[in-house]
Peer 1: 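The structure under discussion is supplied below as structure tokens; questions concerning it will follow.
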Amino acid sequence: MRLLRSVLALVLVAAAPAPKPRIEVTEMTLGNGMRWLLFPRHDAPTVSAGWVAHVGSVNEREGITGISHLFEHMMFKGTHTIGTKDITADLKIIEEQEKVRELMRSELKVMRERLRRGEIDDLLKPENQTARYRELDAQFDDLVAKQRDVIVKDQMDQIYTRNGGEELNAFTTEDLTAYFVRLPSNRLELWAWLESDRLLNPVFREFYSERDVVFEERRMRTESTPLGKFDEAFNALFWEAHPYKWPVVGWPSDIPAITKAQADEYFGLYYAPNNLTGVLVGDFDPAEARGIIERYFARIPRGPKDPPEMVTVEPEQLGEKRFIAEAETSPTVRIWWHAVPFVHKDRTPLDLLSDLLTGRTGRLYKSLVLNRQIANEVEASVDLKKYAGAFEVESVVKEGKDPSAVESALLEEIARVQREPIPAEEMQKVKNQGKGSAFRRLSSPFSIAIQLLYYDGLGDWPYINSYADEVDAVTAADIQRVARTYLTKENRTVGIFLRRDAAAPSPAPPAAPGDGTR
Amino acid sequence: MTAGILLLAAAVQAAPAPAPAIPDSPDTLVFKPLAYTPPRAADHRVVLKNGMVVFIAEDPTLPLVDINITVRTGGYLDPAGKEGLAALTGSLLRNGGTRSLTAEQLDERLDFLAARVATSIGDTSGSASLNCLAENLDDSLRLFLEILKEPRFQEDRLALTKDQALQEMTRRNDDPEDIERREWNVLLYGEGRATNRFTTEASVRSVSREDVAAFHRRYFHPANMIAAVSGAFSRAEMIRKLEAAFAGWPGAKPQVAPVPSEIATAAPGLYRIQKDVPQGRVTIGLPTVKRDSPDIYALEVMNEILGGSGFVSRITRNVRSNEGLAYSAGSALRFGVYYPGAFRALFQSKSRSVPYATQLVLDEIKKMRDQPVTADELDIIKRSLIETFPSNFESKAKTVALFAADEYTRRDPTFWPTYRDRIRAVTAADVQRVAREHLVPEKMVVLVVGDQKEIDIGDGKHEASLAAMAPGGHVVTLPLRDPMTMKLP
């Protein structure tokens, strides 16, 4: 089986006198469309290995928000071989479970109608369930118990752990879903076996308990932290049309409504090899690794069709938006402006603009914290995603100072960049820092693997190599131009968070039906 | 016999190409043997003329240099009434300028060089680190030494640092995780413990520039420092640079009081703190042993099986994977250097499932005592600890940092060379014995932070009540402390 379309493009490394922050990555593509990035580095007897699916919450729609992330969890639930003692019995139980779930979904329709009528307050509370739902729920629990006799719990984790696997995990963003592990270097074939198996024959068993786990993750990260829900609401205000407006973890109404059938469909479309990139970094022999990759991954059939293109372009914002809220936090001012996608030619000028503003010697700290003494913390950053991006500043207001003074001071510093030329020494400082971070990001093989997954997911992994040259090429005029272009009044959303009075009640959902005080 | 044992027993050469068929099961794959010998501390250890110990390793991979200094000091040395002095000193070293440079000039200079300097003082040690481009080493090292040796402790920067600390204090009760971490420490080790005293508005306000300068003078001396140095340099040349840089330090070798070893654990029981959030945070545990206990290897294996190794461990499997009750559920085990470490099982779950999930965790703890672990569980964990052993030394920077930490805490030098054999020797009987000895349910402290009324409603499916599970039947409701005085109302 030689399905390799063999595209071995070596990144050229110029023999320059000064060392350059570059990695020599070999790129190849299998016949089924799966791309690969290989970077041997022999610091330690380990291989950091992973793959990225070019799908994230940006590819979702209302009603199934959070499915990309839930799906990430499901990829650890086993295959036809891994995670089961009897695949036939296992699949039969899953089928029976789905039948019960279908009936439970009918009951949920009834419960949603009651919610709309104001007869119940929360779909998740057991006392709001219909009697029939509870009965079905008990039936479902019996099927789960029955399934436990045939499944082997978390067997992939067990195999990796037994073989010295570390950092086994995955993450989901708006744009990508990445899976990775670090293994002793002699276990590369084991990795290929397990990963190609879960791409070829996955079984999404224990779907509904994992859906509950994901909801607990939402409760932990979003609902039980001081600013979690406020961050989510601010983000939803910032984006008008773009699917970036919903949270990666999903809306609370949607997560418990996602079905296994939707997950199956999602896998077929987005986890085909033509939508994936594999990454190997570390102690491996490239020729041997290529052989293993071909043997294990070329057997996965290409998807019947490529995933649909994400076509939504955020419309131009017409006026400033504001979000004012009280939360359990120090008073904080946040301003976001719409910027550019990650692959845009203005990405590095915007990056250097944020460097000019942020940090201990950045303009914002000097102005707001040191000189005016109205803030205790301030930072600027860019968040450039695959299809669109934001330029962000945020400041924690000093106790007793006026948040609106902080907002004005932030905007004044932006206006100063737009108005006055940037001194040469200051330009050189941010460029030097860019060079330092270009080297620092290459310090660990594992972190290089994660960056390759991440930047390939954003559409441009060679950014790791081109960054230093891009920084060199930016002029003071470029920075001023992007500040003028993007950091405009119409283009911004301002958030003001004030400390909620400790005695005031929290804005929780009403305690009883009809208690609509908020 | 398990599949895993077969794997290693059959450690023959990997089958060469041409492409063999893909086996039906990963258990039949064979792997080339991978021998690994850990680096030796003695090969990296150098003592400078002034008595300072340096662990050094050349690493030409990137044109960077890393210098990490550990200083024998700590927050436990804060004078009563000036809690926070050590931490403020640590922060202000980097932020307050030097003899020749104002804070603003120093910041500008370091940023222009793209050199990263960080300083801090924690509970039982201080740290100062420099990461710079090799081409800027001389300039960066000179500034780093000025920071360590002749800090300016500029008044306005002290005022700012204090104000930032005071504002952070106002956020102490905002995040339930912060409340849990803080109160757990108090329950475990006692409020008066030297490493556990709270900073308050009054204590931070009382710290003067002279206090900070005196604290620095008292503890910062090369004879009181250990360095870990790695990066793109020649070893001989770097040692010459360090000899020169740290020579001629004024003052004598400081006398540093030892870290106190006594602890005062709260009475076993259930401790509840009200916080209006939809998810309860639960911690169950007790103090364990110091690092010099012979039980640490069996305890480590025990904890990995119980809750320390993610999905392979019992608590995670049961509470998360089987029941879907938590995203994060597991256990952690720490061995103390100066005083006993702690075992801690923890999870977060929606309010109403807190009682049932707590019951599941307590059952797993009990099971660990009542029954021996299975051969398969033991095999997975032992192999994992042995196979991942090289990760302790995965980079030169990590290797010298580890040796420096060992020197600082005076770890038994045979620890690393014998570690894998000690793990290999652990039996199921050992695991059960240490579980019985150290995981005593009646001695445990259970802390629950969350919406207590919702929690007591329960999930409606399982008979589980928190009060009924309280060790010794002892239930205490703890109010939230005033964040600025840390007094209980």
Side-chain angles (χ1 to χ4, degrees), chain A residues 1 19 43-46 81 126 153-154 157-159 161-164 166 184-187 189-190 193-194 206 208-214 216-217 219-220 223-226 291 295-296 328-330 359-361 369 376-377 396 398-399 428-429 432-433 435-436 439-440 442-444 506 508, chain B residues 4 14 17 19 22 24-26 29 31-34 36 61-64 104 107-108 111-114 131 133 160 163-164 167 170-171 174-176 276-279 309-312 317 320-328 348-350 379-380 383-384 387-388 390-391 393-395 459-460:
Chain A
M1 259 206 325
D43 314 41
T46 58
T81 315
K153 291 294 301 183
D154 303 303
D157 286 83
Q158 284 184 30
I159 296 172
T161 303
R162 191 194 294 274
N163 282 280
E166 291 177 279
S185 52
N186 60 348
R187 302 300 209 282
E189 190 175 357
L190 176 71
W193 199 103
L194 290 168
E206 304 185 292
Y208 298 94
S209 60
E210 198 60 30
R211 205 178 63 179
D212 291 343
V213 168
V214 164
E216 289 294 347
E217 187 175 357
R219 278 193 192 96
M220 184 186 82
E223 298 181 5
S224 301
T225 53
R295 194 144 52 88
Y296 281 91
E328 278 189 295
T329 190
S330 297
R360 226 186 300 246
T361 60
V369 179
N376 274 341
E377 296 163 38
V396 178
K398 222 178 186 42
E399 296 298 325
Q428 194 56 48
K429 179 191 78 178
N432 290 351
Q433 288 181 313
K435 183 178 168 187
F439 281 115
R440 286 184 179 109
L442 304 180
S443 56
S444 119
S506 73
Chain B
I22 292 173
D24 291 337
S25 155
L29 291 173
F31 308 111
K32 286 180 227 169
L34 194 66
Y36 180 77
T61 319
L62 296 167
L64 296 168
E104 293 70 27
D107 290 348
E108 290 288 354
D111 273 3
F112 194 83
L113 291 171
N131 174 281
L133 291 162
L160 173 62
D163 200 60
Q164 287 167 334
Q167 188 169 39
T170 65
R171 295 196 289 266
D174 292 351
D175 193 327
D276 190 10
V277 284
Q279 196 179 52
S309 58
F311 291 90
V312 173
R317 181 183 308 160
R320 171 171 166 161
S321 184
N322 276 346
E323 302 284 341
L325 296 178
Y327 171 71
S328 161
Q348 299 94 46
S349 187
K350 61 182 175 295
D379 180 64
I380 290 179
R383 279 179 194 282
S384 170
E387 290 283 354
T388 60
S391 295
F393 309 94
E394 68 178 334
S395 68
D459 65 3

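By convention in this document, chain letters (A, B, ...) are assigned in the order of the sequence lines, proteins followed by strands, and residues within each chain are numbered from 1. Note that this is a predicted model, so its numbers are computed, not measured. What's counted below: heavy atoms across the whole structure, side chains too, no hydrogens, waters or symmetry copies.
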Peer 1: Considering only heavy atoms and a distance below 4.5 Å, find which of B:Ser384, B:Ser321, B:Ser349 pairs most often with chain A.
Peer 2: B:Ser321
Peer 1: Under a 4.5 Å heavy-atom cut-off, does chain B meet the side chain of A:Tyr208, its backbone, both or neither?
Peer 2: neither
Peer 1: Let me know if A:Gln428 has heavy atoms under 4.5 Å from chain B in its side chain, its backbone, both or neither.
Peer 2: both
Peer 1: Please determine, among A:Thr46, A:Thr225, A:Leu442, the option with the most heavy-atom pairs under 4.5 Å with chain B.
Peer 2: A:Leu442
Peer 1: At a heavy-atom distance under 4.5 Å, which candidate from A:Gln158, A:Arg360, A:Met220 has the highest pair count against chain B?
Peer 2: A:Arg360
Peer 1: Say you draw a straight line from CZ of B:Arg317 to OG of B:Ser309; how long is it, rounded to the nearest 0.5 Å?
Peer 2: 8.5 Å
Peer 1: Taking only residues two or more places apart in sequence, or in another chain, which ones meet A:Thr81 in a side-chain hydrogen bond (donor to acceptor under 3.5 Å, both in side chains)?
Peer 2: none
Peer 1: Check each atom of A:Ser444 against the heavy atoms of chain B and say whether the ones under 4.5 Å are side chain, backbone, both or neither.
Peer 2: neither
Peer 1: If you count heavy-atom pairs under 4.5 Å with chain A, which of B:Asp163, B:Leu325, B:Asp459 comes out on top?
Peer 2: B:Asp163
Peer 1: What part of B:Asn322 lies closer than 4.5 angstrom to a heavy atom of chain A: side chain, backbone, both or neither?
Peer 2: both
Peer 1: Going by an N to O cut-off under 4.0 Å, is there a salt bridge joining B:Arg320 and A:Glu210?
Peer 2: yes
Peer 1: One thing to verify: whether B:Arg171 and B:Asp175 come together as a salt bridge, which I'm taking to mean a side-chain N less than 4.0 angstrom from a carboxylate O.
Peer 2: no
Peer 1: Among the options B:Pro390, B:Gly460, B:Ala326, B:Ser328, pick out the one with the most heavy-atom pairs lying under 4.5 Å from chain A.
Peer 2: B:Ala326
Peer 1: Between chain B and each of A:Ser443, A:Ser185, A:Pro226, count heavy-atom pairs under 4.5 Å; write down the option with the most.
Peer 2: A:Pro226
Peer 1: Pick one of side chain, backbone, both or neither for B:Phe393, based on which atoms fall under 4.5 Å of a heavy atom in chain A.
Peer 2: neither
Peer 1: Hey, which of A:Gly436, A:Ala44, A:Ser224, A:Pro126 has the most heavy atom pairs under 4.5 Å with chain B?
Peer 2: A:Ser224
Peer 1: Could you tell me if A:Glu166 and B:Ser391 have a donor-acceptor pair between their side chains, going purely by distance under 3.5 Å?
Peer 2: yes
Peer 1: Examine distances only and state if a side-chain atom of B:Gln279 and a backbone atom of A:Glu216 form a donor-acceptor pair shorter than 3.5 Å.
Peer 2: yes
Peer 1: In terms of heavy-atom proximity below 4.5 Å to chain B, should A:Arg211 be classed as side chain, backbone, both, or neither?
Peer 2: neither
Peer 1: Whether A:Glu206 and A:Lys153 form a salt bridge (side-chain N of Lys/Arg under 4.0 Å from carboxylate O of Asp/Glu) is what I want to check.
Peer 2: yes
Peer 1: For a 4.5 angstrom cut-off between non-hydrogen side-chain atoms, does A:Asn163 reach B:Glu387?
Peer 2: no
Peer 1: Based on non-hydrogen pairs under 4.5 Å, which of B:Ile380, B:Leu113, B:Asp174 is most in contact with chain A?
Peer 2: B:Asp174
Peer 1: With respect to chain B, which residue among A:Asn186, A:Asp157, A:Asp43 yields the maximal number of heavy-atom pairs within a distance under 4.5 Å?
Peer 2: A:Asn186
Peer 1: Taking side chain to side chain contact (heavy atoms under 4.5 Å, CB included) as the definition, give me every residue that meets it alongside A:Thr361, ordered by chain and number, with sequence neighbours left out.
Peer 2: A:Lys429, B:Asp107, B:Glu108, B:Asp111
Peer 1: Within this structure, what is the CD-CG distance for the pair B:Glu323 and A:Asp212, rounded to the nearest 0.5 Å?
Peer 2: 10.0 Å
Peer 1: Which one, B:Thr61, B:Val277, B:Leu62, leads in non-hydrogen pairs under 4.5 Å with chain A?
Peer 2: B:Leu62
